[in-house]
Enquirer: 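Dumping the structure here so I can ask a few things about it.
Any value given below was found using the heavy atoms of this structure, including those in side chains, with hydrogens, waters and symmetry copies removed.
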Amino acid sequence: MRSHAPPTTTLMATMTMIVIMVMTMMAMEVRSVAAFTAPCPWLPRLSSMPSHSLLSQQQLRCGSSSRLRADGNNNSEAEEPAAGEPTLAEVPTDPAQYADLFNNDDFWDANLDEEGVKEMLDKHFKISAPKDGFWKNVIFARTSIINAAKKEGSNEGALESTASVIQGLVPNDVTASWIMGENQDPKHREKVLVAVKRSLVVASKDRPTTLHDSILMTLGITHNTQKPKPFDMLRVGEDESTFFFGEAKFRHKGNHEQQPTKVFLKPLDLATDRDVVAIFHTESGSGKTVELAASAHLRDAVVSVLKIIDVDIRTKESGDQRYNEAYESLTSSLKSVVQSKPIAFQTIIKEMNAWAEPTADGAKGDPESIRIVYCLDEASGCPNLVREIIRNYSRLGDEMGKYIANGCDGTIETTSRDIQVVFSVAGTGTHGNVVGSLGANYQSLEPSGRKVDKEVYEALVSEYDKGDARYQKIPSQEDLVKSTALLGIVGTHNARMASILIDQLFHSPFSYTHPHERAKLMSLVFQKFIACNGMKSLWNYNPANTDKELACTKTRMLVSGQSLATFLFPKPFTISPDDDKAAEKVRTLNYGIRFDDDEDPDANIYDDEPTSMYYLVRRYGLVAPNDFRHSSSKDRTLDQPFEVSEAMQLLCIWLMHGGTRLADGETRLGTAPHAFEVLSTQLVSCTISAAMTVALEDRPD
């Protein structure tokens, strides 16, 4: 009788082959999971898919039974591999297996043809000679994603629509699942879109060649893609942008919450060292905050961080104690800004960590560092902090760079690359804070908007729609100056006033060409300008409260008269090297013209009654001190210690004559039939009133 049991040798050989095949499959799976689940620096990685994912839990398991056949035939039979050639029977459907590939910038190169994509996929999954159409679903999905990302103004909604199309045409497609992410979170799709847009640029011929440019590229893509905007941007000229975040009070068009969209900037004249502290201490509305926000563009940095520090450090004298207090104040304030706007710094650090410096032979070059500008706005109330920044700007900049690189006390990721921080400081009256500091460590600069050149004016006008009929009401700067000298002053000597004037010309019914409407326009500009800054207390018009209105009127008349007197009757200021109170005099603005016979020449800022000039410069911003430095070897004389711009002179005349009456009566500032006579009478009366504010011994004959 013939036995049906197989021979022992045959049975053992069969069992051995099965064991070897099982072990080989298990090893392949382990290698697959290990190779394709590494974290990605830019593109989101899905470690697991939710139950409501486009892919079922069964399909996400690693095994041939859960994979999608490229030809749509999903039975369990596997194709026989060619002899000696590794292959896959079905297209992998686990997004984690594609992580490294999706994170490769070259994969998203829009110029990569279909054969190139197939080659990358074959190489990634270590297979050869797959049958025709094997990767067609992945290639179709990749092309759809690229087309969605390339569209102007595309957002996460466009990417979601693309994923829906892919899902409809290619059921259970891995790329659709990757786009939608866990819990269908729109923020996840935003990150995917940013990553793909970034990769499209990096893989193109316009790819950045420096770390600095690469960061700017990614910041631009992130800013344009995510909603709400994770940080702020200013357009500089026609085709450049600069990024900033933090506390920025532009008061553009007289509105506390509004910022300009486009600015014109003159290069900074940092003659000594590009890392020294930049100081802006001009009058209100002259464009100081714009200079701070655009500091990154002006100082070869990637971003500007703006902060208003209300509390000064305690220590006045230089030394370790003051340095430590300054470092603690700066790092603490920086951390608070980073916590409120984390995406900007996270974007920068990720790009730094992912960056590989290209060289001619394709190898990595020397590591690159980046610069960040830390800006203190409205800093006139922090003299001790400002002096310490100036004294140790290099040391503080290095230490703050390390603080950022180390993650800001766990707030953001860390990086091993170097970050350098430089400082810019602004505020009416800040000049007094820096006098006595090391002269080589800072430079006083004039904002681009202090003199509203043609380019500054045109940048302000560019915000308005040329297709709107009201746009025709906005004149060129040249026509404005030719048509009306007084409005021309407003439009050429103060950036904020110019922005308010242009906005009023666009939105109000008044015309700059109508002689009786010019005064109304001027009143609208001045009222809005005063209401948005420190001069607001001068304009508490309250006819119902006679006492309050009378007190306000007296203050308004006095402040206006003193400001005009500063311009009309300058008193030269001389300091000798042996004057031990020189720095204190300049710091307290207790020099030059004296307004009151009883004013104490030795008064200082810490007295209960600061000098009148302190109020004109720091509180109201009507007057700006000219740059002045004490010499240790010779006498120094400043013929014109303070400056009052033409726009501020005109504002003071308007204030002295009651302001609102100019708009109501239509008989002031050159709108009456005998305009010259009326204006001349006003100027004479203002001059007399200004002279009356000066101390008797300094009063002109």
Side-chain angles (χ1 to χ4, degrees), residues 246-247 270 272-281 288 291-292 295 299 301 304-338 371-404 406 408-409 419-445 580-589 604-606 614 617-618 625 627-630 632:
E247 301 172 357
L270 293 173
T272 54
D273 179 358
R274 71 171 190 157
D275 295 340
V276 300
V277 183
I279 303 291
F280 301 93
H281 55 78
K288 298 184 294 298
E291 293 289 331
L292 295 186
S295 287
R299 306 194 67 179
S304 303
V305 182
L306 277 72
K307 181 65 178 176
I308 298 174
I309 299 179
D310 299 321
V311 180
D312 196 11
I313 58 177
R314 295 183 177 182
T315 305
K316 300 177 186 177
E317 301 301 324
S318 62
D320 291 342
Q321 180 64 28
R322 193 174 74 174
Y323 176 87
N324 292 335
E325 290 178 8
Y327 176 79
E328 179 63 30
S329 175
L330 292 171
T331 53
S332 175
S333 61
L334 173 64
K335 182 178 178 180
S336 68
V337 177
V338 173
R371 290 159 61 87
I372 291 173
V373 188
Y374 193 73
C375 309
L376 270 67
D377 202 4
E378 300 183 14
S380 58
C382 300
N384 299 328
L385 177 60
V386 171
R387 285 198 199 92
E388 185 57 37
I389 291 174
I390 293 174
R391 184 174 186 84
N392 285 300
Y393 72 91
S394 181
R395 181 184 172 191
L396 280 169
D398 290 342
E399 291 299 321
M400 286 190 68
K402 293 176 182 177
Y403 178 75
I404 297 171
N406 290 330
C408 295
D409 291 334
I419 299 175
Q420 183 184 17
V421 174
V422 294
F423 299 93
S424 292
V425 179
T428 54
T430 304
H431 175 264
N433 293 346
V434 306
V435 172
S437 298
L438 298 173
N441 289 10
Y442 74 94
Q443 193 155 347
S444 296
L445 302 166
D580 58 353
K581 294 185 178 180
E584 184 70 11
K585 289 178 180 178
V586 178
R587 183 177 64 79
T588 60
L589 303 173
N604 64 61
I605 190 175
Y606 301 107
Y614 170 84
V617 172
R618 295 195 174 186
D627 192 22
F628 184 76
R629 304 194 182 197
H630 181 215
S632 59

Enquirer: If only atom types and distance count, is the side chain of Glu247 paired as donor or acceptor with the main-chain N or O of Leu306 below 3.5 Å?
Expert: no
Enquirer: Please evaluate residues Glu291 and Ser424 with respect to the criterion side-chain contact (heavy atoms from CB on, under 4.5 Å), reporting the C-alpha separation (whole Å), side-chain torsions for both, the decisive distance (0.1 Å), and the verdict.
Expert: CA-CA 9 Å; Glu291 293 289 331; Ser424 292; over 6 Å; no
Enquirer: Nearest heavy-atom pair of Ala326 and Glu388: which atoms, and what distance?
Expert: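 In terms of heavy atoms, the two residues are closest at CB-CG, 3.5 Å.
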Enquirer: When you measure from the side chain of Asp312 to the backbone N and O of Asn384, does any donor-acceptor pair fall under 3.5 Å?
Expert: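 The answer is yes, because a donor-acceptor pair under 3.5 Å joins these two groups.
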Enquirer: Any side-chain heavy-atom pair from Ser318 and Arg387 closer than 4.5 angstrom?
Expert: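 Of all side-chain heavy-atom pairs linking Arg387 with Ser318, none is under 4.5 Å.
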Enquirer: Please report the interatomic distance CG(Asp627) to CG(Leu445), rounded to the nearest 0.5 Å.
Expert: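 Rounded to the nearest 0.5 Å, the CG-CG separation comes to 9.0 Å.
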Enquirer: Should the pair Asp275-Arg299 be classified as a salt bridge under the 4.0 Å nitrogen-to-oxygen rule?
Expert: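 Salt bridge absent between Asp275 and Arg299.
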Enquirer: Is it the case that the side chains of Thr315 and Tyr323 hold a donor-acceptor pair, with the cut-off being a distance below 3.5 Å and no angle test?
Expert: no
Enquirer: Search all heavy atoms of Val425 against all heavy atoms of Ala379 and return the closest pair with its distance.
Expert: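 The pair with the smallest heavy-atom distance is CG1-CB, 3.6 Å.
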Enquirer: Nearest 0.5 Å, what's the CG-NZ distance between Leu330 and Lys307?
Expert: 11.5 Å
Enquirer: Mind listing the closest non-hydrogen atom pair of Ile279 and Tyr442 along with its distance?
Expert: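 In this case the closest contact between Ile279 and Tyr442 is CG1-CD1, 4.0 Å.
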Enquirer: Between Tyr393 and Val422, does the side-chain contact (heavy atoms from CB on, under 4.5 Å) criterion hold? Intermediate values first, please.
Expert: CA-CA 7 Å; Tyr393 72 91; Val422 294; over 6 Å; no
Enquirer: Would you say the side-chain atoms of Ser380 pair up with the backbone N or O of Thr430, donor to acceptor, closer than 3.5 Å?
Expert: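 No, the answer is negative, given that no donor and acceptor are paired below the 3.5 Å cut-off.
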Enquirer: Any side-chain to backbone donor/acceptor pair from Gln443 onto Val276? Under 3.5 Å, distance only.
Expert: no
Enquirer: Are the side chains of Tyr374 and Ser304 in contact, using a 4.5 Å heavy-atom criterion?
Expert: no
Enquirer: Could you go through Leu385 and Leu376, starting from their C-alpha distance and side-chain angles, then the distance that decides it, and tell me whether this counts as side-chain contact (heavy atoms from CB on, under 4.5 Å)?
Expert: CA-CA 10 Å; Leu385 177 60; Leu376 270 67; 3.7 Å; yes
Enquirer: Does any pair with a residue in residues 372-381 pass salt bridge (Lys or Arg N to Asp or Glu O under 4.0 Å), and if so which ones, sequence neighbours excluded?
Expert: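 Passing the test, one end in residues 372-381: Arg251-Glu378.
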Enquirer: Backbone N or O of Ser329 within a donor-acceptor pair of the Ser332 side chain at under 3.5 Å?
Expert: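 Looks like no, no N/O pair under 3.5 Å.
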Enquirer: Do Cys375 and Phe423 touch side chain to side chain, with heavy atoms closer than 4.5 Å?
Expert: no
Enquirer: Got a donor-acceptor contact below 3.5 angstrom from the Arg322 side chain to the Lys316 backbone?
Expert: yes
Enquirer: Report the C-alpha distance between Ile389 and Leu396 in whole Å, list the side-chain angles of each, state the deciding distance to 0.1 Å, and finish with yes or no for side-chain contact (heavy atoms from CB on, under 4.5 Å).
Expert: CA-CA 7 Å; Ile389 291 174; Leu396 280 169; 4.3 Å; yes
Enquirer: Under 4.5 Å between any side-chain heavy atoms of Leu292 and Phe280, yes or no?
Expert: yes
Enquirer: Check whether any side-chain heavy atom of Val305 lies under 4.5 Å from a side-chain heavy atom of Val373, and answer yes or no.
Expert: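 No, side chains not in contact.
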Enquirer: Any side-chain heavy-atom pair from Met400 and Arg395 closer than 4.5 angstrom?
Expert: no
Enquirer: Using a 3.5 Å distance criterion without hydrogens, assess whether the side chain of Gln420 forms a donor-acceptor pair with backbone atoms of Gly401.
Expert: no
Enquirer: Could you check if a side-chain atom of Val277 sits within less than 4.5 angstrom of a side-chain atom of Asn441, using non-hydrogen atoms only?
Expert: no
Enquirer: Between Tyr327 and Asn392, is there a side-chain donor-acceptor contact under 3.5 Å, judged purely by atom types and distance?
Expert: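 No, Tyr327 and Asn392 have no side-chain donor paired with an acceptor closer than 3.5 Å.
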